[in-house]
K.L.:
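Before we start, here is the structure in question, set down as structure tokens.
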Number of protein chains: 2
Amino acid sequence: MQLKKYTDYGLRILMYLGAKEGAQTTDKEQGQLTRIRDICDTFDLSVNHVNKVVHHLGRLNLIETRRGKNGGFLLAKAPGEIRLDFVIRQLEGDEPWIECHNPYCVALPACELNGIVARGKELFYDYLAQFTLNDLLKKQGQLLQIFSTAS
Amino acid sequence: MQLKKYTDYGLRILMYLGAKEGAQTTDKEQGQLTRIRDICDTFDLSVNHVNKVVHHLGRLNLIETRRGKNGGFLLAKAPGEIRLDFVIRQLEGDEPWIECHNPYCVALPACELNGIVARGKELFYDYLAQFTLNDLLKKQGQLLQIFSTAS
DNA sequence: ATTAAAGATGCATTATGGATGTAGGTTATG
DNA sequence: CATAACCTACATCCATAATGCATCTTTAAT
Ligand code: SF4
Ligand code: SF4
């Protein structure tokens with residue numbers, strides 16, 4: 001019962017982008033795009049794994065990815081538009097938390113448990129739905145400092 | 001992100017005991033104790049795995065186990081006293097749902113995410129705390145029938 | 001055009017931990 | 001003492017997450 005690192009990595013990437021982009025002055029020099037390598041250097045992660053998460057975030061339209069030289073990626077929406085429940089549900093996959101088929105459980109027709117757990121799961125996500133990427137950027141300054149020094 | 005089968009097995013065992021004991025007339029013939037084999041026959045599970053769960057439930061004082069010939073186990077409390085949050089927390093282990101150390105995450109000092117997820121987790125368990133084993137026995141008759149035929 | 005730098009993609013491999021198996025020990029009944 | 005039950009400590013298997021590797025495609029700079 002634990003979130004996958006995959007999911008957390010996705011959130012780290014979003015936090016990284018949010019902190020960085022929020023700090024950029026509004027002049028035309030938007031700075032370089034963030035690259036997979038930047039994330040890996042900062043958090044000391046596997047390039048291949050982050051690769052897949054970035055790709056996934058791109059397919060979810062949470063970030064915009066650009067191929068080719070000087071490519072990279074950036075947030076595709078305002079941080080306030082990125083809800084945590086959506087991110088976690090998508091990256092984690094939202095299978096039921098309790099598996100009654102495969103193999104089939106004989107108690108299923110008379111079981112109250114699966115419903116209770118399923119509703120509890122929804123409460124968890126409902127709570128997450130109150131937060132957006134913005135809420136993860138409360139300490140943006142400190143994040144920026146960490147990210148810049150942890151290269 | 002899924003409960004362990006181990007945890008579900010524990011709940012099945014409790015449901016089995018609850019359904020069976022609730023049906024017993026109050027005369028002295030309490031019937032035989034339930035044995036690990038009975039559980040395995042009913043749910044088609046591994047004896048070894050159920051063995052461990054039963055032992056665990058015993059250590060938690062949710063069931064009383066008796067060794068030796070004619071041994072077995074039975075509920076140690078009334079079904080209404082067995083709260084689901086307790087059972088699941090204990091069987092599942094209540095580690096944090098997101099692991100920030102091991103390996104250490106540089107964002108930790110400025111991260112808001114772990115707290116949010118931790119509070120969501122508590123909401124999940126708070127919800128489960130509203131229910132007891134009794135709530136899983138709503139369809140006791142049907143459960144009994146299933147358990148008796150599924151030998 | 002050429003080259004280099006970036007993500008995209010598919011497959012292989014490793015690591016982790018849950019699930020299961022084996023063997024024997026301990027306890028209680030009769 | 002023999003048997004039937006749970007107890008305990010391992011060992012092994014297996015599913016899947018995590019990671020690695022190779023290659024392709026796209027794009028920008030030169
Ligand atoms: S006991 Fe209930 S929740 Fe558990 S597997 Fe069977 S049907 Fe599903
Ligand atoms: S990003 Fe936040 S939640 Fe995720 S590991 Fe780092 S500190 Fe923990």
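Remember, it's a predicted structure, so these values are computed and weren't measured experimentally. Here is how names work: the chains are called A, B, and so on, in the same order as the sequence lines, proteins then strands, and each is numbered from 1.
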K.L.:
In whole angstrom, give the distance that lies between atom CG of A:L45 and atom P of D:dA17.
P.N.:
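These atoms are roughly 18 Å apart.
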K.L.:
Measure CG/B:L57 against P/D:dC7 and give the value in whole Å, please.
P.N.:
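It works out to 10 Å between those atoms.
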K.L.:
Send over the distance from B:H49 NE2 to D:dA15 C1', rounded to a whole Å.
P.N.:
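Whole-Å distance recorded here is 14 Å.
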K.L.:
One character per nucleotide, please: for nucleotides 1-14 of chain C, 5' to 3', B when the base has a protein heavy atom closer than 4.0 Å, S when only the sugar-phosphate does, - otherwise.
P.N.:
----BBBBB-B---
K.L.:
D:dA28 C1' sits how many Å from A:L33 CG, rounded?
P.N.:
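The answer, rounded to whole Å, is 12 Å.
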K.L.:
Check the orientation of B:F147 and B:F43. Use parallel for under 30°, tilted for 30 to 60°, and perpendicular for over 60°.
P.N.:
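Plane angle over 60°, so perpendicular.
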K.L.:
Any side-chain donor-acceptor pair under 3.5 Å between A:R89 and A:Y125?
P.N.:
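Short answer, no.
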K.L.:
Between D:dC6 atom C1' and B:L74 atom CG, what is the distance in whole Å?
P.N.:
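Roughly 14 Å, once rounded to whole Å.
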K.L.:
Any idea how B:W97 and A:F124 line up, ring-wise: parallel (<30°), tilted (30 to 60°), or perpendicular (>60°)?
P.N.:
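Aromatic pair B:W97/A:F124 classed perpendicular.
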K.L.:
According to a strict under-4.0 Å criterion, is A:Y9 in side-chain N/O contact with OP1 or OP2 of D:dA17?
P.N.:
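So the side-chain polar atoms of A:Y9 never come under 4.0 Å of the phosphate oxygens OP1 or OP2 of D:dA17.
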K.L.:
Once you round it to whole Å, what is the distance between P of D:dC6 and CD1 of B:I13?
P.N.:
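Going from CD1 in B:I13 over to P in D:dC6 covers 11 Å.
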K.L.:
Among B:I39, B:L62, B:D38, which one satisfies side-chain contact (heavy atoms from CB on, under 4.5 Å) with B:F73?
P.N.:
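Of B:I39, B:L62, B:D38, side-chain contact (heavy atoms from CB on, under 4.5 Å) with B:F73 is met by B:I39 alone.
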K.L.:
Between C:dG18 atom C1' and B:M1 atom CE, what is the distance in whole Å?
P.N.:
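After rounding, the gap between these two atoms is 17 Å.
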K.L.:
Cation over ring, B:K5 on B:Y9, under 6.0 Å and within 45°?
P.N.:
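No, a cation-pi geometry is absent between B:K5 and B:Y9.
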K.L.:
Throw together a table of side-chain donor-acceptor distances under 3.5 angstrom for residues 132-145 of chain B, partners on residues two or more places apart or in other chains.
P.N.:
from	atom 1	to	atom 2	distance (Å)
B:T132	OG1	B:N134	N	3.1
B:D135	OD2	B:T132	N	2.8
B:Q140	NE2	B:A19	O	2.9

K.L.:
To the nearest Å, how far apart are A:K4 NZ and D:dA15 P?
P.N.:
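After rounding, the reported distance stands at 17 Å.
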